Amino acid sequence: MKDILGERDPAVPQTPTRVAEPSRESQLPKRFYKQVGVSEDDGGYQILLDGSKIKTPGRETISVSNRSVADAVAREWDAQGERIDPMTMPLTRLVNTAIDGVAQDLQAVKEDIIKYSGTDMLCYRAASPEPLVERQRGRWDPLIDWAQASLGARFDLAEGVMHVEQPPETIAAFSVHVGALNEPLLLTATHVVTTLTGSAILAMALVKGEVDVETAWSLAHLDEDWNIEQWGADEEAEARRAVRYKDMQAAGLIVQAM
């Protein structure tokens with residue numbers, strides 16, 4: 001599911017050949033409004049800019065069913081400076097995607113989440129070293145046990161990266177819970193969590209209230225954090241992770257609010 005506003009632009013390299021080129025910021029649209037508000041109409045909440053309802057890139061009115069989500073979207077618009085930068089507005093991008101994209105084909109998004117459950121990150125374990133093996137077991141196994149007890153889905157585990165086929169009954173049981181996600185915005189946020197973490201189990205655990213956003217993010221980065229402990233952090237990797245975490249927070253806010 002591609003973000004309908006596109007990917008984040010890479011940083012402009014600091015080379016002489018690029019110095020004369022216009023900056024990305026200078027090409028962003030200027031802020032054209034002073035006041036941001038929220039109104040309730042037709043069973044939903046709309047974002048107002050100087051009293052006018054805003055629309056998605058597909059020219060649909062932005063309307064959400066949850067007031068706290070609407071207020072959070074409004075804060076994104078209110079926080080804009082002289083120019084409007086969509087990359088600083090993850091909630092708005094999620095809402096746009098839900099309205100213009102996901103709402104038009106819920107089933108395709110559901111099937112993608114279900115596909116992740118067949119190769120879920122939590123099911124692939126390290127063979128060594130033992131401290132990492134134990135950390136994965138101690139932190140991931142409770143979610144595997146929860147999935148079996150609460151979702152009726154018994155996931156098989158494997159060492160290494162060789163694919164393990166999950167039992168058809170496991171996928172079928174998990175699919176029932178994914179199939180119940182019929183609110184486009186909630187489904188969009190669940191899909192974002194799934195793709196950011198590589199785990200449909202973690203995403204469903206967040207939806208069901210078994211974990212919070214920070215816990216889900218930490219569990220998804222267990223291996224990466226282990227490597228950082230052993231070898232140190234990479235500055236570029238940390239910057240990319242920080243960007244993804246903002247998207248995770250936005251998706252998590254929606255999931256927990258709805």
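These numbers come from the heavy atoms of this one structure, side chains and all, not from hydrogens, waters or symmetry mates. Nothing here was measured: the structure is a model prediction, and the numbers come from that model.
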Asp78 bridged to Arg31 by N-O distance under 4.0 Å: yes
In terms of heavy-atom contacts, Arg244 and Glu224 come closest through NH2-OE1, 4.2 Å
Side-chain heavy-atom pair Asn96, Pro57 within 4.5 angstrom cut-off: yes
How many angstroms lie between CD1 in Ile201 and OH in Tyr116, if you round to the nearest 0.5 Å? 14.0 Å
Using atom types as modelled and distance alone, determine if a side-chain donor or acceptor of Gln46 lies under 3.5 Å from a backbone N or O of Asp41. yes
All heavy atoms of Ala216 vs all of Leu202, minimum pair found to be O-CD1, 3.7 Å
Please name the pair of heavy atoms, one in Thr194 and one in Ala203, separated by the smallest distance, quoted to 0.1 Å. OG1-CB, 3.1 Å
Backbone N/O of Ala147 and side chain of Ser150: donor-acceptor pair under 3.5 Å: no
To the nearest 0.5 Å, what is the distance between CD (Glu214) and CE (Met248)? 8.5 Å
Angle class for the Tyr245/Trp217 ring planes (parallel below 30°, perpendicular above 60°, tilted otherwise)? tilted
Got a sec: does the CD of Glu130 have more than 12 other heavy atoms crowding it under 6.0 Å? yes
When you compare the side chain of Leu222 with that of Arg135, does any pair of heavy atoms fall below 4.5 Å? yes
Rounded to the nearest 0.5 Å, what's the gap from CG on Asp112 to NE2 on His191? Could you check? 3.5 Å
What's the separation between atom OG in Ser63 and atom NZ in Lys55, rounded to the nearest 0.5 Å? 11.0 Å
Can you tell me how far the CD1 atom of Ile99 sits from the OG1 atom of Thr188, to the nearest 0.5 Å? 9.0 Å
Do Val207 and His177 touch side chain to side chain, with heavy atoms closer than 4.5 Å? no
Considering only heavy atoms from C-beta outward, does the side chain of Arg75 approach that of Leu91 to under 4.5 Å? no
What one should report as the nearest heavy-atom pair of Leu186 and Val255 is CD1-CA, 3.9 Å
Any side-chain heavy atom of Lys110 sitting closer than 4.5 Å to one from Asn182? yes
Between Leu132 and Pro129, is any pair of side-chain heavy atoms under 4.5 Å apart? yes
Can you check whether Glu60's main-chain N or O pairs, donor with acceptor, with Thr56's side chain at less than 3.5 Å? yes
Under 6.0 Å from the CD atom of Gln35, do we count more than 12 heavy atoms belonging to anything else shown? no
If hydrophobic clusters are built from ILVMFWY residues whose side chains come within less than 4.5 Å, do Leu185 and Trp77 share one? yes
Shortest non-hydrogen contact between Phe155 and Cys123, atoms and distance: CB-SG, 3.7 Å
I'd like to know if the side chain of Gln80 and the backbone of Asp85 have a donor-acceptor N/O pair within less than 3.5 Å. yes
Just how far is it from atom OG1 of Thr92 to atom CD1 of Ile84, taken to the nearest 0.5 Å? 10.0 Å
Salt bridge flag under 4.0 Å for residues Glu238 and Arg241: no
Side chains of Arg125 and Asp141: does their closest heavy-atom pair fall under 4.5 Å? yes
Looking at Arg67 and Asp71, is any side-chain nitrogen of the basic one under 4.0 Å from a carboxylate oxygen of the acidic one? yes
Looking only at non-hydrogen atoms, find the nearest pair between Lys53 and Leu48 and report the distance. CG-CD2, 3.6 Å
In terms of hydrophobic clustering (I, L, V, M, F, W, Y; side-chain heavy atoms under 4.5 Å; direct or indirect links), are Tyr45 and Met258 co-clustered? yes
For Glu82, is the CD atom crowded, meaning more than 12 foreign heavy atoms sit under 6.0 Å from it? no
pair Leu181-Val109: side-chain heavy atoms closer than 4.5 Å: no
